[in-house]
Amino acid sequence: MVRIVLLGPPGSGKGTQAETLVKDYHLAHISTGNILRENIRKGTMLGKQAKAIIGSGQLVNDEIMIGIIKDAVKGKKNFILDGFPRTIKQAEDLEKINLSPNLSLYINCPDDAIIKRLSGRRTNPITQQTYNIYTNPPPKGMHVVQREDDRENVVKDRLAVYRKSTAPLIDFYKKKGILREVNGEQTIENVAKNVNAIMQKIA
Ligand code: ADP
Ligand code: ADP
């Protein structure tokens, strides 16, 4: 059984590394950001509730999020959570439903790198695959969009929310002895190598 939680500031490379991990280790990739954006795109009730919150860089409330996770993990034994938990309450809720992770991968990345990366992030709205106009360009001719919340004024708020509400999870998982830290300020390939080395030890 493999249950991984990805931690790290917005733009640290969680989604990018998750894409490699799911292929190499046959895990289900559960990205709460992707689930919420998909709901916004389809205009569901949840999407309508979440749109303004995401647009302002704040967090969707914990009750809604744990409901989303319960639904998303149904029938899945091995998974990687990307973007969840984002608060101590969400981490505690995960324990309550007997889905404690056995590894928390923390991708560390300084603010200046993050601001540059997020300004260059582009997403394929259909596959949700992410690219970067500076470091990881999309294939020629592919239609990609910039996320509303990747605009500079919202990014500042997201970083503040991360520091206040999400960063305490680093200590939370450290105390449980399952935190492994990776330097996110390297090429995508080198971060993946470090992640792989950690995976070899737990596999
Ligand atoms: P990033 O990977 O860039 O940090 P995500 O795609 O994970 O961003 O999330 C985008 C937005 O979706 C967040 O800023 C937040 O508003 C909302 N969101 C995603 N996951 C959660 C969560 N677990 N709890 C609350 N809000 C969430
Ligand atoms: P997160 O899911 O943590 O918000 P992403 O995986 O979406 O982060 O990455 C944010 C942006 O930075 C994307 O445009 C991605 O292509 C790019 N990126 C990811 N990892 C790296 C890296 N190691 N070096 C340079 N750019 C990266």
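Quick caveat: nothing in here was measured; it's all calculated off a predicted structure. Every number for a ligand or one of its atoms is a count from 1 in the order of the listing.
- Taking any N or O of D82, backbone or side chain, none lies under 3.5 Å from an N or O belonging to ligand 2.
- Looking at atom 21 (C) of ligand 2, its nearest protein heavy atom turns out to be I188 CG1, 3.3 Å.
- Within ligand 1, counting atoms from 1 as listed, the ones closer than 4.0 Å to a heavy atom of Q90 are 22 (C), 23 (N), 24 (N), 25 (C).
- Against a heavy-atom cut-off of under 4.0 Å, R158 is close to the following atoms of ligand 1: 1 (P), 3 (O), 4 (O), 8 (O).
- No part of Y134 comes within 4.0 Å of ligand 2, judged by heavy-atom distances.
- Atom CD of residue Q186 and atom CD1 of residue I107 lie 10.5 Å apart, to the nearest 0.5 angstrom.
- Protein heavy atom nearest atom 7 (O) of ligand 1, with residue, atom name and distance: R86 NH1, 3.1 Å.
- Annotation: side chain of M142 is in contact with side chain of N124 (closest heavy-atom distance under 4.5 Å).
- Proximity to G184 (heavy-atom distance under 4.0 Å) selects the following atoms of ligand 2: 23 (N).
- By the criterion of a heavy-atom distance under 4.0 Å, the backbone of T187, and not its side chain, is placed next to ligand 2.
- Looking at H26 and N78, their side chains never bring a donor and an acceptor atom within 3.5 Å of each other.
- Summarising the local packing, NZ of K51 is surrounded by 12 or fewer heavy atoms from other residues, nucleotides or ligands at distances under 6.0 Å.
- You'll find the side chain of P101 stays beyond 4.5 Å of the side chain of L81, heavy atoms only.
- For ligand 1, the atoms lying closer than 4.0 Å to a non-hydrogen atom of Q58 are 15 (C), 16 (O).
- The protein heavy atom nearest to atom 26 (N) of ligand 1 is V60 N, 3.1 Å.
- Residue contacts with ligand 2, taken as heavy atom pairs separated by less than 4.0 Å, involve T135 solely via side-chain atoms from C-beta onward.
- Between K156 and E152, at least one side-chain N (NZ, or NE/NH1/NH2) sits under 4.0 Å from a carboxylate O, which counts as a salt bridge.
- Here the side chain of K14 pairs a donor or acceptor atom with the backbone of P9 at under 3.5 angstrom.
- When side chains are defined from C-beta on, L103 counts as touching M199, because their heavy atoms get closer than 4.5 Å.
- Considering backbone and side-chain N/O of R122, none are found under 3.5 Å from N/O of ligand 2.
- What you find for Y173 and P85 is that their closest heavy atoms are OH-CG, 3.4 Å.
- By the criterion of a heavy-atom distance under 4.0 Å, neither the backbone nor the side chain of K51 is placed next to ligand 1.
- Each of the atoms 1 (P), 3 (O), 5 (P), 6 (O), 8 (O), 9 (O), 19 (C), 20 (N) of ligand 2 lies under 4.0 Å from some heavy atom of G13.
- N132 ND2, 3.7 Å is the protein heavy atom nearest to atom 17 (C) of ligand 2.
- Residue-ligand proximity, Y131 to ligand 2, at heavy-atom distances under 4.0 Å covers atoms 13 (C), 14 (O), 16 (O).
- Residue N183 holds its CG atom at 11.0 Å from OG of S12, rounded to the nearest 0.5 Å.
- Of all atoms in ligand 1, numbered sequentially from 1 with element shown, those under 4.0 Å from a heavy atom of R121 are 3 (O).
- Taking each of L6, V191, T16 in turn, the one with a heavy atom nearest to atom 15 (C) of ligand 2 proves to be T16.
- When non-hydrogen atoms are compared, ligand 2 lies under 4.0 Å from the backbone of Q186 (N, CA, C, O) but not from its side chain.
- With a 4.0 Å heavy-atom cut-off, ligand 1 is reached by no atom of R117.
- The two atoms that bring D82 and G15 nearest to each other are OD2-CA, 3.4 Å, heavy atoms only.
- The closest side-chain donor-acceptor pair between E181 and N108 falls under 3.5 angstrom.
- Close contacts of ligand 1 with P10, meaning ligand atoms under 4.0 Å from a residue heavy atom, involve 3 (O), 4 (O).
- The closest side-chain heavy-atom distance from D93 to I69 is not below 4.5 Å.
- The distance from ligand 2 to the heavy atoms of G15 drops below 4.0 Å at these ligand atoms: 1 (P), 2 (O), 6 (O).
- In this structure, G8 falls outside the shell of residues with a heavy atom less than 4.0 angstrom from ligand 2.
- Among all non-hydrogen protein atoms, the one lying nearest atom 2 (O) of ligand 1 is K14 NZ, 3.7 Å.
- Using modelled atom types, one side-chain atom of Q17 and one backbone atom of I188 make a donor-acceptor pair closer than 3.5 Å.
- The shortest side-chain heavy-atom distance between L99 and F79 falls under the 4.5 Å cut-off.
- In terms of N/O distances under 3.5 Å, ligand 1 is approached by G83.
- Atoms of ligand 2 found under 4.0 Å from any heavy atom of N136 (numbered from 1 in listed order, with element): 16 (O).
- A salt bridge does not link K89 with E92: every distance from a Lys NZ or Arg NE/NH1/NH2 to an Asp or Glu carboxylate oxygen is 4.0 Å or more.
- Near T32, meaning under 4.0 Å from any of its heavy atoms, are these atoms of ligand 1: 19 (C), 20 (N), 21 (C), 23 (N).
- Classification of D150 and R122 as a salt-bridged pair fails, no side-chain N sitting under 4.0 Å from a carboxylate O.
- R37 NH1, 2.9 Å is the protein heavy atom nearest to atom 6 (O) of ligand 1.
- Proximity of L36 to ligand 1, defined as any heavy-atom pair under 4.0 Å, is confined to the side chain (atoms from C-beta onward).
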